[in-house]
Amino acid sequence: MKKIIVLISGTGSNLEAIINACNENRINGQVIKVISNNPKAFGLERAKKLNISSTVIDHNTFLSRNDFEVSLQNYIDSLDFDLIVLAGFMRVLGPQITLKYLNKMINLHPSLLPLYPGLDTHEKVLANKDKIHGVSVHFVSSELDAGPMIAQGIINVQSKETLKNITERIHKVEHKILPYIINEICNENIFLDNNCVK
Ligand code: GAR
């Protein structure tokens, strides 16, 4: 059974979907640690309720981005793990940490990358009157919301779609696709061939 670390910053609905999937044996793994950069993240409450150990590494308490990342990396290195999942983790990670965990770290992003890296993806889709929208799961590289793509989930944007509605619809896709992909990685059906990465 593979050991999974989940990094969060906020609500943690994807974290809960992952933990539930582990508990229901839909993921051949277990969440051994939740790490949040935000001490107020609601996901920390979810982890507690579901009896999963969590740690806060608050980026605001460090003098520089690098200091935060060194501390995060040292902490992660102290754990025995197989996979790191960024599930609503809202900090950009630099080359040192992303290179170190290149084939062990995946990110969930709420857009059809390479469209709309960064923030406010749903707002951008609505403003541009896009017909389709979706989510991406990818291995993490040092570029923002980039790195080898693993899977995408697509929705058709409806004519009178609201921000609330589209956010909920995207969450539903995320809660299915992310546990599914994590399980495939845990079963070693999906892996990154380092020779393919520049
Ligand atoms: C999710 O929609 C995820 O795709 C997004 O944050 C949300 C977290 O929701 N991630 C990013 O934007 C990363 N670039 P959650 O806290 O309820 O899981």
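Each ligand, and each atom within it, is numbered from 1 in the order the structure gives. When reading the values below, keep in mind they use all heavy atoms of this one structure, side chains included, and skip hydrogens, waters and symmetry mates.
Using a 4.0 Å cut-off between charged side-chain N and carboxylate O, K164 and E168 make a salt bridge. For the pair R169 and E161, the salt-bridge criterion is met [side-chain N within less than 4.0 Å of a carboxylate O]. A salt bridge links D77 with K100: at least one charged nitrogen is closer than 4.0 Å to a carboxylate oxygen.
For atom 14 (N) of ligand 1, the closest heavy atom belonging to the protein is H109 ND1, 3.0 Å. Atom 3 (C) of ligand 1 has its closest protein heavy atom at E174 OE2, 3.4 Å. Protein heavy atom nearest atom 16 (O) of ligand 1, with residue, atom name and distance: G12 N, 2.7 Å. Scanning the protein for heavy atoms near atom 12 (O) of ligand 1, the closest one is P110 CD, 3.3 Å.
Residue-ligand proximity: G43 is placed with every non-hydrogen atom at 4.0 Å or more from ligand 1. Contact between I8 and ligand 1 is absent, with no heavy atom of the residue lying under 4.0 Å from the ligand.
In the vicinity of T11, heavy-atom distances shorter than 4.0 Å reach the ligand 1 atoms 16 (O), 17 (O). Taking a cut-off of under 4.0 Å to the non-hydrogen atoms of S13, the atoms of ligand 1 that pass are 15 (P), 16 (O), 17 (O), 18 (O). Ligand-side atoms of ligand 1 in range of G88: 6 (O), 8 (C), 10 (N), range being under 4.0 angstrom from any heavy atom. Close approach to D145 involves these atoms of ligand 1, each under 4.0 Å from a residue heavy atom: 14 (N).
Polar contact with ligand 1: present for H171 (N/O pair, distance under 3.5 Å). Below 3.5 Å of separation, one finds no N or O of G118 facing any N or O of ligand 1.
Nearest heavy-atom pair, I8 versus L44, reported as atom, atom and distance to 0.1 Å: CD1-N, 3.9 Å.
By the 6.0 Å and 45° rule, K104 stacks over the aromatic ring of F81.
With rounding to the nearest 0.5 angstrom, the CG atom of L15 is 10.0 Å from the OG atom of S36.
With N38 contributing its side chain and S9 its backbone, the two residues share a donor-acceptor pair below 3.5 Å. No donor-acceptor pair under 3.5 Å is formed between the side chain of N187 and the backbone N or O of N189.
Looking at V135 against ligand 1, nothing comes within 4.0 Å, counting heavy atoms.
Between H133 and H122, the distance from one ring center to the other falls under 6.0 angstrom.
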